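Here's the structure we're looking at; comments come further down.
Count residues from 1 along the sequence. Computed from heavy atoms alone, side chains included, the values below leave out hydrogens, waters and symmetry copies. Treat the numbers as computed from the prediction; the structure is a model and nothing was measured.
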Amino acid sequence: KKAYSLRTVSRTDFANLPRIAVDWSDENNVVHTQEFPNYPRIAAKYCGMILAGKVPACLYIKQAAQRYLDMLEEAKKPGSLFYFSDAWACDFLSFFEKLALPSGGKKGQTFVAQPWQILLGCATFGFRRNDPDQPNEIGSRLVREIYVEIPRGSGKSPTSAAVALYCWLNEDENGSQIFIGAPKEDQARYVFDPMAAMCTETPGLVEFYGLNVTKLKITRDRDPMAKVRMISSIADREDGANPHVVVMEELHAQDESLFNVMDSSLGKRVNNLFISITTAGNRAMGVCWNIRKRLRNVLAKIEYAPSFFGLIFTLDEEETKDKKVAHNPKFWPKANPMWNITLSPSNLIERYEKAKNNSPSAVLEFERTRLNIWSNGAGGLISQENWDACKVEGLDINSFRGRRAWIGGDLASKNDIASIGIIIDDFGASWVNVDQWVALPKEIAVAIIPHLARSVRVAEVARDRGFD
């Protein structure tokens with residue numbers, strides 16, 4: 001008997017939906033009618049299935065689904081500052097499904113947009129601006145910022161590459177520049193290389209748009225200022241750059257100064273777009289954590305930001321705290337929307353077993369990259385379960401006076417934890433006594449404690465020392 005669920009939601013679940021007829025105007029204002037798969041209906045139905053409990057989903061995805069449906073209703077109201085365009089949503093997703101699959105399929109195979117990608121495409125390109133106080137922006141794309149946090153193997157990099165490529169080729173931005181940022185060039189290539197392959201392997205794309213594809217950039221014959229290139233450091237940036245789209249790969253590991261430079265360079269174009277894609281990070285702090293926190297506020301309706309769209313695929317918070325639940329494969333589809341589509345359940349189970357038999361740090365890495373669970377370090381030699389099992393109640397350090405001991409100290413002056421640890425030899429017994437004292441610098445305790453309290457047990461000790 002399989003320990004995991006074989007049930008997943010894929011494109012085939014929507015195969016019986018009738019196609020949609022969309023009217024669109026060419027450059028001569030001649031109206032044409034074209035049929036497409038009903039992408040907008042798929043996105044809405046997918047959200048409905050999430051909210052009905054028919055799709056495994058965490059709180060953040062349920063909130064994102066409800067928010068999308070609420071925005072659809074708001075877009076219909078008279079006087080709304082935005083509307084929904086079936087034509088734009090269908091145009092992007094039709095373009096996406098014509099692109100050659102850069103890897104993992106047979107030669108000539110194209111993308112099949114799955115439900116989470118259809119939701120992303122409809123949200124990003126379907127909503128259009130309609131503010132009468134900004135007449136020059138009417139009809140332009142509403143969404144200008146995207147944050148997608150999703151485990152490995154879900155197609156996040158090729159999907160973001162397709163979004164950026166569509167913007168570059170089809171949004172009529174003169175001198176359009178696409179910057180792909182990452183901590184290292186080889187990470188930026190996770191987006192650039194699929195985009196280059198889409199260009200060269202999709203029949204007719206290079207010829208139709210006049211593209212020139214090299215290992216370092218993509219340019220257009222008819223627009224000499226237009227380019228796609230990678231940036232991996234501040235030194236790589238171009239002063240005075242006017243990016244159309246910025247893609248930040250693995251934002252959790254991103255250089256914050258590079259992020260800030262790229263973010264501040266936007267705003268000169270109506271159709272600017274900043275795409276942040278990532279798995280969970282090793283540290284619950286920094287630029288990625290801050291953007292994630294802002295998205296959580298938007299999803300929880302604490303902040304109103306219709307131009308910001310995001311998806312966080314992970315387990316629910318109470319599930320991440322209980323390792324028996326978090327490590328149970330039947331819960332993993334929550335964090336993996338491509339479960340049993342591009343992700344093999346048996347493969348993930350085997351990877352987990354391998355990590356479990358390797359080291360606690362390997363298990364943490366599995367949780368981070370496969371379940372999108374944020375960790376607070378790279379792991380250790382002793383698992384938390386084994387450490388907890390060693391606890392002996394009622395020990396008093398004073399009873400060990402006269403014993404041989406080793407004491408180590410790690411001081412802190414800024415934002416680290418100061419720690420003093422002691423190991424006491426029990427003269428040949430099969431165990432040793434270990435004790436530890438920890439504290440935080442007073443000036444940062446108030447700011448850091450709320451964060452630590454959610455994830456690090458030493459916060460309780462710090463509070464006992466008077467850092468409330």
Side-chain angles (χ1 to χ4, degrees), residues 27 88 91-92 94-103 107-108 110-111 121 124-125 140-141 144 146 156-250 254 258-259 261-277:
E27 61 274 11
W88 274 103
D91 193 60
F92 163 70
S94 176
F95 173 86
F96 180 46
E97 294 200 309
K98 289 183 177 70
L99 293 174
L101 199 63
S103 63
K107 187 173 179 60
T110 60
F111 282 96
T124 302
F125 295 100
S140 63
R141 179 171 21 82
R144 288 174 175 162
I146 296 172
K156 67 179 184 298
S157 297
T159 301
S160 63
V163 170
L165 183 62
Y166 177 84
C167 293
W168 191 56
L169 298 176
N170 295 293
E171 288 193 328
D172 294 328
E173 289 281 345
N174 188 43
S176 173
Q177 300 174 358
I178 310 296
F179 290 154
I180 301 170
K184 297 179 181 179
E185 182 184 311
D186 58 348
Q187 287 179 304
R189 286 198 171 279
Y190 289 139
V191 175
F192 180 84
D193 288 349
M195 186 186 295
M198 292 171 195
C199 293
T200 57
E201 299 299 321
T202 302
L205 197 68
V206 167
E207 294 77 14
F208 184 81
Y209 289 100
L211 305 181
N212 304 291
V213 182
T214 71
K215 291 183 177 180
L216 296 178
K217 63 182 179 180
I218 308 173
T219 58
R220 298 179 65 178
D221 289 336
R222 294 186 290 274
D223 190 349
M225 294 298 293
K227 72 179 96 173
V228 179
R229 59 159 296 195
M230 298 173 284
I231 296 180
S232 57
S233 71
I234 289 292
D236 287 340
R237 80 182 193 275
E238 296 183 11
D239 292 327
N242 184 15
H244 176 189
V245 180
V246 173
V247 182
M248 283 292 185
E249 165 76 10
E250 290 299 355
Q254 193 62 254
L258 175 63
F259 176 91
V261 167
M262 289 294 96
D263 188 42
S264 64
S265 67
L266 295 174
K268 303 171 187 176
R269 298 177 184 269
V270 172
N271 275 320
N272 279 143
L273 182 62
F274 200 110
I275 306 172
S276 299
I277 54 175

Minimum-distance pair of heavy atoms, taken over all atoms of [X] and [Y]:
X	Y	answer
I146	T124	CD1-OG1, 3.4 Å
F179	I231	CG-CD1, 3.6 Å
V247	A164	CG2-CB, 3.9 Å
L266	F274	CD1-CD1, 3.3 Å
E249	S157	OE1-OG, 3.1 Å
L165	C199	CD1-SG, 3.9 Å

Pairwise salt bridge (charged side-chain N to carboxylate O under 4.0 Å, His left out) hits with a residue in residues 207-225, at least two apart
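Residue pairs passing salt bridge (charged side-chain N to carboxylate O under 4.0 Å, His left out), neighbours aside: none found.
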Output all residues satisfying ring pair (Phe, Tyr, Trp, His ring centres under 6.0 Å) with Y209, sequence neighbours left out; order by chain, then residue number.
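Ring pair (Phe, Tyr, Trp, His ring centres under 6.0 Å) check on Y209 returns nothing, list empty.
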Please list, chain by chain and in numerical order, all residues satisfying ring pair (Phe, Tyr, Trp, His ring centres under 6.0 Å) with Y166, sequence neighbours excluded.
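Result, ring pair (Phe, Tyr, Trp, His ring centres under 6.0 Å) vs Y166: F92, F95, F125.
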I'd like to know if the side chain of S264 and the backbone of V261 have a donor-acceptor N/O pair within less than 3.5 Å.
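Side chain of S264 to backbone of V261: a pair is present.
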Might you work through the side-chain contact (heavy atoms from CB on, under 4.5 Å) test for I277 and Y190, ending with a clear yes or no?
CA-CA 11 Å; I277 54 175; Y190 289 139; over 6 Å; no
Check step by step if side-chain contact (heavy atoms from CB on, under 4.5 Å) holds for R141 and N271.
CA-CA 6 Å; R141 179 171 21 82; N271 275 320; 3.4 Å; yes
What's the spacing between [X] [atom1] and [Y] [atom2] if we round to 0.5 Å?
X	Y	atom1	atom2	answer
L99	T110	CG	OG1	8.5 Å
N242	S176	CG	OG	9.0 Å
N272	S265	CG	OG	8.0 Å

Name of the residue among K268, R269, Q177 meeting side chain to side chain contact (heavy atoms under 4.5 Å, CB included) with H244:
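Output: one option passes, namely R269.
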For a 4.5 angstrom cut-off between non-hydrogen side-chain atoms, does [X] reach [Y]?
X	Y	value
K156	V191	no
V245	V163	no
M248	L258	yes
P158	F111	yes

How far apart are the C-alpha atoms of L216 and M230, what are their side-chain angles, what is the distance that settles it, and do they pass the side-chain contact (heavy atoms from CB on, under 4.5 Å) test?
CA-CA 7 Å; L216 296 178; M230 298 173 284; 4.3 Å; yes
Restricting to side-chain contact (heavy atoms from CB on, under 4.5 Å), what partner residues turn up for D186, sequence neighbours left out?
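Partners of D186 by the side-chain contact (heavy atoms from CB on, under 4.5 Å) criterion, ordered by chain and then number, come out as K184.
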Please lay out, stage by stage, how I178 and I218 fare under the test side-chain contact (heavy atoms from CB on, under 4.5 Å).
CA-CA 9 Å; I178 310 296; I218 308 173; over 6 Å; no
Please list, chain by chain and in numerical order, all residues satisfying salt bridge (charged side-chain N to carboxylate O under 4.0 Å, His left out) with R189, sequence neighbours excluded.
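Partners of R189 by the salt bridge (charged side-chain N to carboxylate O under 4.0 Å, His left out) criterion, ordered by chain and then number, come out as E185, D193.
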Residues two or more places apart in sequence or in another chain: which of them pass side-chain hydrogen bond (donor to acceptor under 3.5 Å, both in side chains) with S276?
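Scan of S276 (side-chain hydrogen bond (donor to acceptor under 3.5 Å, both in side chains), adjacent residues dropped) gives none.
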